[in-house]
Amino acid sequence: MGVLGDIEFWAATLRVSTPLLLGAAGAVLCDRSGVMNIAIEGIMLTTALMASAAAAAYHNVWLGVTAAALVGAVSGLLLAYLTVGIKANQVVIGIGLNLVAVGLTSLLFPILCFDANNSIMSSPPFQRWAIPVLSDIPVVGRLLFDQQPLFYIAVVAVLFVYGFLTYTHPGLILKAVGENAKAANSVGINVTMVRYAALVAGSLLMGIAGSYLSLVEVTSFQPNLSGGRGFMALAAVIMGKWHPLGCAAAVLLFGFAEAFQWRLQGMGLPIPAQLPNMLPYVITVLVLAGVVGRANPPGDLGNPFHKEG
Amino acid sequence: MKEGGGTARGGWKPRLAAVGREAVPPVAAVALTILLLAAVMLMVNVSPAKVFGALLQGTFGTRYGFCLMLAYSVPMTLAGLSVAIAIRAGLFTIGAEGQLQIGGLFALIGALVTGNAVIGLVLGILAGGAWGAIAGFLKAWKGINEIITTMMLNFIAMYAVNNAILGPLGRPEASHPCTQEIAAAARLPLMVAGTRLHVGFLFAVAACVLFYLMFRYTAFGFRLRVIGANLQAARYAGTPARLYQFLAMLISGCVAGLAGGTEVLGMRYYLSLNWSRGWGWPGIAIAFLARGSPLAVLPIGIFYGILDAGSVQVQAATGLPSALVQLIQGVPVVLLIVIQTVQQNWMKRVAVRG
């Protein structure tokens with residue numbers, strides 16, 4: 001297995017994983033508060049468009065990332081109003097918004113991303129950040145500390161969500177709301193507020209994930225750019241059993257499988273090329289079925305909260 | 001999901017009023033969508049009259065276009081029916097997409113091997129059912145959320161079908177990955193000669209009617225509705241709830257398998273990489289707009305067929321991206337849920353006030 005010793009292979013794994021890490025960190029926040037955010041796919045697609053449009057128009061990638069984060073947060077607010085505010089069905093709203101996002105982005109793409117000469121405007125390239133000293137470590141340094149800034153942000157986001165949920169009081173409150181909203185309410189926690197906050201924060205991270213798709217992976221938007229990667233992040237959350245670090249590990253496995261598949265295709269081996277891609281999902285089903293470990297979703301995941309009286 | 005009009009007793013007048021109340025949200029949602037769309041068109045400086053004209057001309061203006069539109073509506077109607085059946089039994093599947101892909105694959109294999117459309121279609125139905133049954137088993141006996149399992153099974157189905165096309169079923173001499181075409185005898189016959197309308201449309205109509213009758217008039221359908229309406233009560237009444245949940249997912253999968261099978265044997269005749277256009281997703285919207293009623297799935301499925309088939313004409317006539325029409329796939333269901341929820345909250349408030 002010469003592949004595994006190749007630093008480029010591992011670099012590809014991290015590249016594929018970055019948007020999924022951000023998306024999964026956001027989805028963990030939403031899920032743990034009890035709201036299933038299936039709209040992640042549409043949020044990532046919409047924010048990818050907005051990031052590209054803003055970055056290309058003002059020649060500034062960070063403006064693109066900011067725009068994507070803001071649009072993500074606003075989408076989260078809309079989603080929260082629909083699913084928490086008026087308590088509409090979370091999954092139907094999520095799927096509906098995903099369908100809307102596909103149409104809306106294709107409609108806005110020619111308006112926002114084409115210049116007067118009718119050619120696509122590209123955003124400036126994203127510069128790597130080499131962290132002094134650390135990036136001089138052989139192999140590992142080049143792999144982990146000479147990276148895209150959004151990779152660092154993704155790692156920080158995962159660690160932040162982990163620290164927040166594990167060690168802080170507000171994190172405990174969020175988990176309580178997701179586990180048993182009624183009990184949380186009975187001790188005076190404002191369930192609605194907590195869920196609003198979780199959805200806005202989670203969707204903001206999904207927005208940054210979307211910006212990675214159109215600013216780092218490529219330098220311009222194209223219709224359907226997200227290509228199911230929002231759902232992939234959701235799958236990783238389930239495989240990681242709703243634990244931030246577990247989800248990150250699952251994301252890396254997904255990234256590994258994808259990078260491996262590219263290698264297989266490159267080598268022209270007579271192995272069905274998409275077999276490695278399938279495995280993470282098969283493993284997830286086995287995990288769910290209790291064949292490998294056991295996954296227990298948050299107790300009140302998907303249940304709207306109705307205050308009595 | 002409440003039974004449409006079933007609660008009203010005593011004569012046709014209250015019954016009609018109840019049906020009317022049930023019909024308000026979907027009709028309002030569709031009407032609002034059309035208005036919203038017209039507003040968007042005005043904003044991007046395109047005449048709404050021209051767009052809707054092209055849409056109607058393309059789908060109702062010619063015999064060929066009309067038949068094409070009906071053919072487009074078949075997979076979406078059946079996917080919608082598949083989801084509606086699960087909803088009726090209180091299950092929330094988003095697995096129609098994967099089930100119809102597996103159904104399409106096995107229908108193709110059956111048709112390629114035997115050269116017989118009936119065997120192909122039956123194989124497709126069974127394969128879709130088996131795919132649904134996995135999620136049904138995990139839900140009923142392992143207590144695992146069906147939304148999550150069906151999402152995973154969708155991915156597995158997509159990759160499995162692509163692997164089959166890249167691997168054993170692939171045609172080595174083709175420039176892009178695709179399978180052999182099925183023989184003429186293994187194709188579904190056309191309903192109208194010279195058009196693309198195949199008998200799959202009749203199957204879709206028949207399936208909607210049959211499942212309506214099943215839910216309304218059979219003990220089996222009644223029990224499915226009971227476990228959907230109140231699982232606890234069904235258990236106390238002695239209904240083997242686990243078995244019925246399993247069967248609901250199995251049947252839902254069979255109908256999605258039929259969607260994939262009719263599409264492959266009636267429209268495509270072969271499979272290429274990522275062949276599905278994702279009918280399973282609007283299928284969820286259709287099922288919800290129909291509020292889980294198999295009979296209502298049919299007109300709404302055809303409405304979605306009009307949008308789908310008409311979007312090509314709109315693009316040709318106005319230069320607008322066909323996505324404008326895709327936009328309408330999602331908007332009505334979001335509006336519907338909002339209208340419904342607001343209506344319910346309002347009625348609750350009125351009831352409290354007395």
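Owing to the predicted nature of the structure, the values given are computational and were not obtained by experimental measurement. In what follows, every chain begins at residue 1, and chains take the letters A, B, ... in the order their sequences are listed. Below, each value reflects all heavy atoms present in this structure, side chains not excepted, and no hydrogens, waters or symmetry copies.
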Check your understanding: Would you say the side chains of B/Ser252 and B/Ser82 form a donor-acceptor pair under 3.5 Å?
Key -> yes
Review point. Among A/Ile38, A/Val102, A/Leu82, A/Asn89, who wins on heavy-atom pairs under 4.5 Å with chain B?
Key: A/Asn89
Point to revise | Heavy-atom proximity to chain B below 4.5 Å, by part of A/Leu279 | key: neither
**Study point:** Under 3.5 Å donor-acceptor, B/Ser272 side chain and B/Trp275 backbone
**Key:** no
Exercise for review: Check each atom of A/Met232 against the heavy atoms of chain B and say whether the ones under 4.5 Å are side chain, backbone, both or neither.
Suggested key: both
Check your understanding: So does A/Phe114 have more than 12 non-hydrogen atoms from other groups sitting under 6.0 Å from CZ?
Key -> yes
Practice item. Output the option from B/Val333, B/Val338, B/Thr149, B/Val40 having the highest count of non-hydrogen pairs under 4.5 Å with chain A. Key: B/Val338
Practice item. Would you mind checking which part of B/Ile94 comes under 4.5 Å of any heavy atom in chain A, side chain (CB onward), backbone (N, CA, C, O), both or neither? Key: side chain
Check your understanding: Where on B/Pro282 is there a heavy atom nearer than 4.5 Å to chain A: the side chain, the backbone, both, or neither?
Key -> both
**Study point:** Taking every non-hydrogen atom, the tightest pair across A/Val28 and A/Cys247
**Key:** CG2-SG, 3.6 Å
Practice item. Give a yes-or-no answer on whether the side chains of B/Asn154 and B/Thr150 include a donor-acceptor pair shorter than 3.5 Å. Key: no
Review point. Side chain, backbone, both or neither: which part of B/Ile147 has a non-hydrogen atom closer than 4.5 Å to chain A?
Key: side chain
**Study point:** Nearest atoms (heavy-atom pairs only) where A/Ala233 meets A/Ile40
**Key:** CB-CD1, 3.9 Å
Review point. Checking B/Met152 against chain A: side chain, backbone, both or neither under 4.5 Å from a heavy atom?
Key: both
Check your understanding: Using a cut-off of under 4.5 Å for heavy-atom pairs, which of B/Leu153, B/Thr341, B/Leu138, B/Ile156 has the most such pairs with chain A?
Key -> B/Ile156
**Study point:** Carboxylate-amine/guanidinium contact B/Asp308 B/Arg277, below 4.0 Å
**Key:** yes
Exercise for review: Let me know if B/Ala160 has heavy atoms under 4.5 Å from chain A in its side chain, its backbone, both or neither.
Suggested key: both
Point to revise | Backbone of A/Leu225 reached by a side-chain donor or acceptor of A/Arg229 within 3.5 Å | key: yes
Practice item. Select one option (side chain, backbone, both, neither) describing which atoms of A/Ile86 are under 4.5 Å from chain B's heavy atoms. Key: both
